[in-house]
Amino acid sequence: MINFKSNDAAIIKSVYTPDDKIKEDLKRVYERYAYMKEPHSKMLPKWDRWEKQYEAWRPPKSDDDWQSNITPPFTTTIVERALAEIVDQTLQPKITARGPEDRPRAKVMNYVRDYSWEVGDGDLELYAGLKQTLVLGETVWQEDYWRDRRIVKVLSKFDPDKKIEEYVEKKVDDFDDVYGETVSLREFFRDPQSRSINRGRYKANDCIRRYVMNLDTFHEAFDGSIFDQFGATKYVKAGGDTNYYQFYQPPTGIDKDNQVEVLFYWGRRPDKLIIVANDIVIRDGPNPYNHKQLPFAEGMDVPHLVGQSGARGEPELLESIQDELTTMRRMRIDRQLMDIWKMFLVSNRETLDEDDAIIRPSRFMYVEDPNNSIKPLEFRDLNPSAYREEEMLKQDGRDVTGVISPASASTATEAAIFKETTMRALRMKIWLLSRQLVTGINRLRVPNILQYYTVPEVEKIVGEDKMQQFRTIRTSNVALEFTREGQVVEKRQRGDHFFILTPDLITPKYGAYDYKMSGEPTFPISKPLLQTKVGEFMQNPMVVAAAQSGYYDVNKLA
């Protein structure tokens, strides 16, 4: 528990003296942090256990430990097979207009959203989020605006004969756009009384994201930035000097000699963003995003009952089954090992030791009576029911998760029907993730695009020479044309196409957009299966007769 009693002997008080309001906000952040960490700490050992289960973790084994420590990767198989199907689906909702005037703007916004998703590697981050959902039961996604700026030295003059090599400093942006990323659950702390982050009557009032970073990285990222509201980043020190702090003891588990703990506190009531770096408040103001929501979205695998927060992941569903599979597999391997490296019944008159019993090629073992002095301890063969029991356990795991092993099929239709029936449970997961996680991401990203992609002036006000202030958006295989009536025409043309995004193209008349998902998830069949299916269709007698009679055009069918 954090001690909030002020340390009068703290060295920092001689150089850093914030006003009373900032001191109160600092204390509030630490109080809420301690309050949020209590339920969070109860989940840490569970997350560790489920991650080990997913990774098929094997306990360490000493040299003299002969017993097997193998872990059958059943949980890993279930998670990876489900993940392979989910990432292949269309999870993104379609942005739709709230009124007829916004239909062309919504059409453009879909392309802008797809462009921002592409440049920010959204698919890779979503993959990480989906995996965290399946393994730990839930995931958190942060949606914000990120400018990754750094100072580099660029070669300005070079003369190899005179051995002249001069450089000038230049600021470069490795990234400057709206951005989303999957947040580790270990770094995210939320209002314990909440049941969701931004949805419903029980949404979170506040949350905290924790960063631990190198001190030099901290100063490079925050010094002189928009976050350095009070010019206080210069007071931030690494976490080693415990006499430096006013309110709390530096966190354990990090390299405290050169590390900084940064807490981003997001509040809904009151509207707040407070950034604290090792007891120094570097920003204390309102939420900078116009949507005024906590900038996080969440996704769940198997949610708990109504009125409860949290969810279950695949490892938790399979925990008891995985334990039994691991036990049975290890017992059978140990049994086979005992059959190869047998135990011996030895007469107590013999002077043999354990080293003498180790089998080696062309070795002699001298005993008084080979028939009676030493005999191997024989075991009967394994009961075949032991293998049937393992298969029954695996079937229980497939039933509870809905992830079924692929089966052989004689025709494409049979394979498609089998896939349809065996993946029905995955449809529910995809349905929930698309409407909860991905729709939540878009409800944060679209307002951020409207906020950061546009400026108050439009082309007719600023003139052609100021058009470089607007962003250029790339589309693939689609060229957009804008008519004088404000309509958008989509032309399917191969290659990359570009247009300048002005505010009038995306700013909605009704203040916001809506989000609509397709009716249900679809599982596309593989190309070989599709070829087989097409072949069956072309060989259908009715299709052949229709083509011969001229009802079907043969060239179009081909």
Side-chain angles (χ1 to χ4, degrees), residues 1-2 25-48 50-51 125-126 128-144 180-212 248 251 261-276 283-284 286-289 291-313 316 432-433 435-441 443-445:
M1 194 69 177
I2 296 175
D25 284 345
L26 174 62
K27 189 173 182 179
R28 171 180 174 79
V29 170
Y30 286 138
E31 286 176 344
R32 293 297 295 170
Y33 186 34
Y35 186 56
M36 296 174 187
K37 283 205 299 186
E38 186 173 351
H40 187 271
S41 61
K42 295 179 181 178
M43 294 301 300
L44 290 175
K46 296 181 180 180
W47 291 334
D48 290 341
W50 296 333
E51 284 185 349
E125 285 296 330
L126 185 59
L130 294 175
K131 175 170 282 191
Q132 183 168 249
T133 304
L134 292 173
V135 174
L136 303 183
E138 52 187 322
T139 193
V140 173
W141 177 285
Q142 181 167 5
E143 190 68 35
D144 57 5
E181 63 176 335
T182 297
V183 180
S184 170
L185 296 182
R186 292 175 173 81
E187 300 172 352
F188 183 75
F189 305 82
R190 58 189 283 182
D191 180 4
Q193 300 297 323
S194 65
R195 298 177 188 172
S196 68
I197 296 179
N198 282 317
R199 180 180 56 83
R201 296 184 176 181
Y202 297 94
K203 54 181 174 249
N205 280 323
D206 53 5
C207 62
I208 292 175
R209 182 175 179 184
R210 176 179 183 257
Y211 299 83
V212 176
Y248 84 112
E261 181 189 49
V262 184
L263 303 179
F264 275 66
Y265 171 86
W266 299 88
R268 190 189 304 275
R269 299 182 183 90
D271 177 29
K272 278 286 187 181
L273 169 59
I274 305 173
I275 304 177
V276 180
R283 180 184 175 92
D284 188 350
N287 184 338
Y289 300 110
H291 55 63
K292 294 302 177 182
Q293 303 293 325
L294 304 182
F296 299 94
E298 61 187 332
M300 297 184 181
D301 185 11
V302 182
H304 291 313
L305 296 176
V306 176
Q308 300 178 3
S309 60
R312 291 186 176 189
E316 186 176 4
L432 180 62
L433 286 168
R435 285 156 176 80
Q436 186 184 47
L437 174 61
V438 186
T439 300
I441 292 172
R443 284 176 176 160
L444 298 171
R445 173 160 296 200

Here the pair of heavy atoms bringing Leu444 nearest to Gln293 is CD2-CB, 4.1 Å

Exercise. Do Glu138 and Val140 have side-chain heavy atoms sitting under 4.5 Å apart?
Worked result: no

(request) Answer yes or no: does atom NZ of Lys272 have more than 12 heavy-atom neighbours from other residues, nucleotides or ligands under 6.0 Å? (result) yes

### Query
Would you call Asp206-Arg269 a salt bridge at under 4.0 Å N-O?
no

Heavy atoms of Ser309 and Ser194 approach each other most closely as CB-O, 3.8 Å

Salt bridge check, Arg283 against Asp25: does any charged N sit closer than 4.0 Å to a carboxylate O? no

- Message: Tell me whether Asp191 is salt-bridged to Arg32, with the criterion being a basic N under 4.0 Å from an acidic carboxylate O.
- Response: yes

Exactly one candidate in Asp271, Ile274, Asn287 meets side-chain contact (heavy atoms from CB on, under 4.5 Å) with Trp266; the answer is Asn287

All heavy atoms of Glu316 vs all of Arg312, minimum pair found to be OE1-CG, 3.3 Å

Heavy-atom nearest pair, Ile197 first then Phe296, reads CG2-O, 3.6 Å

Hits for side chain to side chain donor-acceptor pair (under 3.5 Å) against Glu181, two or more places apart or cross-chain, chain-then-number order -> Arg209

The reported gap from CE in Met36 to CD1 in Ile208 (rounded to nearest 0.5 angstrom) is 4.5 Å

Correct closest heavy-atom pair for Leu294 and Asn198 would be O-ND2, 2.7 Å

Does CD belonging to Glu38 count more than 12 external heavy atoms closer than 6.0 Å? no

Is there a donor-acceptor pair closer than 3.5 Å between any side-chain N or O of Arg268 and the backbone N or O of Ala204?
yes

Exam field: side chain Gln436 to backbone Met300, donor-acceptor pair closer than 3.5 Å: yes

| field | Within-4.5 Å side-chain heavy-atom neighbours: Pro303 and Leu432 | value | yes

- Task: With side chain to side chain contact (heavy atoms under 4.5 Å, CB included) as the test, would you mind laying out the steps for Tyr30 and Leu263 before giving the verdict?
- Result: CA-CA 9 Å; Tyr30 286 138; Leu263 303 179; 3.9 Å; yes

- Query: Is Trp141 close to Gln132 at the side-chain level, that is, under 4.5 Å between some pair of heavy atoms?
  - Reply: no

Shortest non-hydrogen pair, Phe188 vs His40, comes out as O-CD2, 3.3 Å

